[in-house]
Structures are given as structure tokens and as C-alpha cells.
Amino acid sequence: MKGRLGLRFVAIGYLAALLAFPVGLVFYRAFEHGVDAFWEAMTTPDAQHAFWLTVEMVAIAVPLNTAFGVLCALVLVRQNFRGKALLNAAVDLPFAVSPVVIGLALILIYGRDGWIGDWLIENGIRVIFSTPGMILATIFVSLPFVVREVVPVLREIGTEQEQAAETLGASPLQTFFRITLPAIRWGVAYGVVLTTARALGEFGAVSIVSGKLSGQTETLTLLVENRFQRFDLAGAYAASVVLAILALLTLLSMNLLRPKEGR
Amino acid sequence: MGIVVENVGKKYGDFVALDDVSLNVRDGSLTALLGPSGGGKSTLLRVIAGLEEPDTGTVVIDGEDATGVPARKRGVGFVFQHYAPFKHMTVRDNVAFGLKIRKREKAEIDERVRELLELVHLEGFAHRYPSQLSGGQRQRMALARALAVKPKVLLLDEPFGALDATVRKELRAWLRRLHDEMNVTTVFVTHDQEEAMEVAEQIVVLNHGAIEQVGAPQDLYDRPANDFVMHFIGPVAPLGKRWLRPHDLDILLEPEPGASEATVQHVLHLGFEVRVEVKVEGGEETWVQTTRDRARELELADGQQVWLRPAHDPVLEPEAAA
């Protein structure tokens with residue numbers, strides 16, 4: 001009995017000290033001078049722009065990574081080919097490589113003097129120091145989540161239901177949308193939540209490729225850093241809280257959807 | 001009509017799953033593919049369904065060459081060993097699946113689903129999910145789902161394998177009745193010879209990817225083509241260099257030309273059946289299956305001296321048995 005209580009104490013204490021307390025403190029500091037001060041800090045043009053830019057990046061990166069993640073998981077689980085192990089390892093690359101390196105790599109390709117950067121700039125397409133580059137960076141760092149959540153679920157459901165659908169006359173596309181997708185929906189949902197959280201919070205890679213132009217290429221995370229460095233601590237806390245709330249909403253939305261599954 | 005399989009071969013790497021298999025399944029018949037696991041019976045069923053592509057050979061279903069035709073266009077109903085229920089759909093939606101894919105009218109779908117659920121005795125379960133059904137109910141749901149699209153042939157992979165013994169017995173009789181009613185060409189896979197004998201009109205014995213024998217249950221039992229079928233399809237007892245059915249051995253109390261001298265080792269009373277374990281002169285051990293009345297008449301006791309004689313000509317000639 002004592003041992004179990006001890007374990008619980010350690011687990012909760014660890015979370016409290018390292019997660020709950022610091023995050024709680026940020027919330028406290030953000031509202032220290034009242035809701036008005038918080039509201040003011042978040043309604044400046046730069047803050048508004050950062051908010052909507054972050055939303056835009058998430059809105060583009062998450063659907064793309066969801067579609068690719070499901071496709072990639074299908075390939076990894078259902079197909080056998082040479083180089084499959086390589087693909088499997090490559091998916092985890094964004095976990096292994098530091099976001100800063102990812103940012104630099106993007107500049108090497110799309111930046112001035114980059115691999116295809118000059119050609120793109122000549123044709124009027126700006127990738128680096130602009131939204132496309134930031135979206136690419138976000139996609140890169142949040143890529144593995146859907147794949148990693150969906151692969152085990154696909155393995156578990158097996159292929160019998162799909163074969164049954166096939167013998168009943170369903171085309172591959174019908175089988176996917178009516179059988180496979182509903183069967184893996186919770187894996188996908190969880191992957192989407194993690195992808196969203198990661199995309200919202202990305203700093204390193206986006207920081208490198210963005211150029212950090214206030215009101216142009218500044219996301220919420222970059223806004224936090226910018227304000228922090230300008231000693232605008234209240235403003236930094238406010239932006240942090242907005243980020244945290246967005247992430248919490250994402251988690252909450254999944255938990256709200258989930259009970260319907262219980263049948 | 002029915003199903004015609006010609007020279008079908010299938011390999012997985014070095015493993016030969018099907019070796020030049022040819023088979024005729026008569027229109028409207030009820031056929032069992034029987035054999036030990038790994039014998040190729042499930043592979044053959046899946047080749048017929050189009051779930052597996054043969055390396056060589058052709059499959060003709062209902063007079064049409066189906067080789068190379070995808071499973072969804074073959075018009076086969078397939079019941080999987082573990083039923084493969086669509087877990088996120090109700091029983092009703094499971095059964096309606098094939099009809100919805102075919103874009104039938106809603107009223108027609110409702111009517112057909114109601115009909116089928118009645119047929120498989122699941123009327124009250126339309127709005128349940130597969131997880132709320134027992135194994136037997138799930139199996140009947142899978143059957144209704146396969147029958148909904150009026151398949152030309154019905155294929156079942158180990159249909160009773162995952163059920164407990166009593167449910168299995170019930171479903172066997174029920175499947176036979178259902179087949180008589182529906183009259184759809186039906187092929188099922190089993191490794192249980194008793195099940196095959198009880199349900200099927202025709203049995204195909206498969207071993208090591210090849211057909212050993214095809215015939216009515218009675219034929220296989222009385223006239224097995226070879227040693228394997230003899231052993232697989234029923235009990236056997238050795239006498240001299242031949243194999244016999246243990247009930248085809250007569251026990252005599254007096255010597256007779258052609259009869260072998262033996263000593264009773266053990267008499268086992270199993271109700272109607274009595275099993276007599278004997279040791280033939282020369283040391284060979286065998287056994288005789290007889291009835292309670294016959295055993296009583298002979299007053300058999302352990303250690304008793306008897307003579308054994310084949311009741312009629314051996315079912316399998318010694319050469320074939322070798």
C-alpha cells in the first residue's frame with residue numbers, strides 16, 4: 001500500500017514540478033495585470049498577424065501530413081518492397097534531426113544560392129524568409145506523428161475486413177473510405193492531435209527559415225521569443241498562453257469526440 | 001456450370017501451396033475441401049474467390065472464365081474463418097454493405113436485409129454491433145452478409161473452426177438445411193473429417209497441395225484411393241500388411257483358415273461401441289471396433305485367445321497401402 005502511494009506521489013510530483021507548475025506560472029503571469037492587459041497584448045497588429053499565420057500554417061501542414069501519413073502507413077504495413085526499411089527509418093528523421101538542422105537544410109535547397117532556390121526566385125517564388133518555407137519546415141518537423149500512430153492500428157486490424165469488402169463488390173477506393181478509414185480513425189485522430197500540437201509549437205526550423213520579420217513571417221512562438229528579448233515579458237506570457245490554449249483545445253476536441261466510440 | 005478449376009498451381013517462395021490442382025464442383029452442390037493444415041485447401045478456396053492469384057491454371061465460375069478477374073467482380077460470397085465483421089457497423093449495415101455498394105434502392109435494401117436476418121435468425125439483432133454478438137451469431141451475420149448480394153457461389157473458410165462443440169453441431173445441420181433451401185453452389189474448407197462427412201455431398205481430400213481423392217463421403221470411407229485418405233477419413237487398424245477399418249475385423253472364438261491368432265489385451269466399453277485391443281501372434285498390436293451386444297455374445301475378457309478375420313475384402317490393397 002505504502003509502495004503504491006509512493007509511486008503515485010513520484011509520478012504526480014514529477015509532472016507537477018516539471019510541467020504543471022511552470023505552465024501554471026505562465027498563465028498566472030499573463031493575467032497578473034488583469035484580462036485587459038492580456039487582451040491589449042494580443043490585439044496588437046503583430047500579435048494578430050502572428051496568430052493568424054500560425055493558424056494558417058497548421059491548417060496547411062496538418063491536412064497534408066494526415067493524408068501523407070495515412071498513405072505512408074498503408075505502404076509500410078501492406079506492401080513489401082526493397083528499401084522499405086529505409087522508408088521506415090526516413091519517416092523518423094524529423095524526430096532524430098534537430099529542427100535547427102532541418103531549417104538549415106531547407107535554406108540549402110530553397111535559399112539564395114540554394115539547390116533550386118535561384119531558379120525559384122527568378123520565377124518570383126519566394127520560399128525562404130516567407131510563408132512557403134515556414135510551412136515546409138512545419139510539415140517536416142510534424143511529419144512522423146500520423147504515420148507512427150496509424151501503423152500499429154493498421155497492423156492490428158489486419159486485412160480480412162478489407163478482403164471481405166472486396167468480395168462484396170467494393171472497389172479499392174470504396175474499401176478504403178468505408179472500411180479501412182473508419183477502422184483506423186482513432187489512430188488518425190490521435191496522430192492529428194499530436195501533429196497539430198507539434199506544428200503549433202514549432203520554433204527552431206521555422207525560426208531559421210522565417211527571417212523573423214515582425215508582422216510578416218512571425219508566428220506565435222517567434223512572437224514569444226521576440227517579445228521576451230525586448231523585455232516585454234507580459235506580452236511574451238500572453239502569447240504563450242494563447243499557444244497553450246490552442247494546444248489544449250486540440251487535445252480537448254479529441255476527448256470530446258471520443259465517447260461516441262463506446263458502443 | 002458450377003466451378004471448374006484446371007491445373008491450378010501456386011507457390012509461396014519454395015513452398016508449393018497448390019500443385020497442378022484440377023477440380024469440378026457441380027452446380028448447386030455442397031462440397032468440402034478436407035485436409036490437414038498446410039494442405040492447400042484454404043489457398044484453393046481463396047484462388048476460387050480471387051483473393052489469391054494462381055501462378056498457373058484457370059478458374060471458371062458459372063461458365064465464365066474468372067481467372068484474372070478481381071474478387072469484387074466474381075460474384076462469390078466469402079465467409080472468413082473469423083468472420084471479418086465490419087466492427088464499426090451494426091449487423092444491419094454489415095448485411096447491407098454489398099447492396100449499398102451496388103447502389104440499390106433503400107426500400108429494396110431494407111426488405112432484403114430483413115429477409116436475410118430472418119433467414120439466419122438474427123431478426124432482433126439488427127442494431128447491435130458485432131462486438132455484442134456471440135461467435136455463432138457473428139458467423140450467421142457473416143453468412144447473411146455474403147448471401148445478400150445473391151452470389152453465384154458461396155465459399156466458407158473453416159466455417160465452424162472458431163466455435164465451441166455444441167454450437168458447431170447445431171450450425172452444421174443448419175448450414176445443410178440452408179443449402180437445401182438456397183441451392184447455391186457451396187464450397188467449405190475443413191480439417192475435421194467428421195464435419196466434412198456430416199455436411200458435404202462431395203468431399204475433396206487435399207494434402208501437400210494436391211488432390212488425393214474426390215468423392216461422396218461414403219465412397220471415400222469405403223473405397224479410399226490411397227493410404228493417406230484411408231487414414232485421414234476414418235479410424236484404421238493394421239492386420240498383417242494391410243489397413244482395415246476396425247469394425248471390418250471379425251472376432252472368432254475358434255480358429256479358421258485365413259484367420260490370425262491373437263490375444264485380447266484390453267476391452268473398453270464406450271457405451272454402444274466396444275473397443276477391443278488385441279495383440280496378434282508375432283507381436284503386432286491392433287484393435288477391433290464392435291458393438292456392445294456382439295462383445296457380450298463373445299464374452300470377451302482380457303487375456304482371452306481369439307482369431308481375427310477381415311469381414312470382407314480389404315478396402316485398400318496392400319500394394320496401394322505400401
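Numbered from 1 within each chain, the chains take letters A, B, ... in sequence-line order. Just so you know, these numbers use all the heavy atoms, side chains as well, and skip hydrogens, waters and symmetry mates.
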E181(B) and R177(B): CA distance, side-chain angles, deciding distance, salt bridge (Lys or Arg N to Asp or Glu O under 4.0 Å) verdict: CA-CA 6 Å; E181(B) 255 173 67; R177(B) 278 203 309 276; 5.8 Å; no
Structural part of Q163(A) lying under 4.5 Å from a heavy atom of chain B: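 For Q163(A), heavy atoms of backbone and side chain both lie under 4.5 Å from chain B.
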Under 4.5 Å from a heavy atom of chain B, the part of S171(A) involved: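 Contact with chain B involves both backbone and side-chain atoms of S171(A).
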R114(B)/E118(B) ion pair, N-O < 4.0 Å: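 Answer for the salt bridge query: yes.
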Check ion pair D110(B)-K106(B) (N to O, under 4.0 angstrom):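 Counted as a salt bridge, because a side-chain N and a carboxylate O are separated by less than 4.0 Å.
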Six-ring centre of F95(A), R148(A) cation under 6.0 angstrom, axis tolerance 45°: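 So R148(A) doesn't make the cation-pi contact.
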Worked verdict on R26(B) versus Q202(B) for side-chain contact (heavy atoms from CB on, under 4.5 Å): CA-CA 9 Å; R26(B) 200 169 37 77; Q202(B) 175 182 254; over 6 Å; no
Max heavy-atom pair count under 4.5 Å with chain B, selected residue of R178(A), Q174(A), E160(A):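 Most heavy-atom pairs under 4.5 Å with chain B: E160(A).
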Winner by heavy-atom pair count (cut-off under 4.5 Å) against chain A, out of K100(B), K73(B), M89(B), R145(B):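 The answer is R145(B).
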side-chain contact (heavy atoms from CB on, under 4.5 Å) between L222(A) and S207(A), intermediate numbers included: CA-CA 7 Å; L222(A) 298 179; S207(A) 161; 3.7 Å; yes
For [X], which atoms come within 4.5 Å of any heavy atom of chain A: side chain, backbone, both, or neither?
| X | result |
| --- | --- |
| R102(B) | side chain |
| A146(B) | backbone |
| F97(B) | side chain |
| P151(B) | neither |

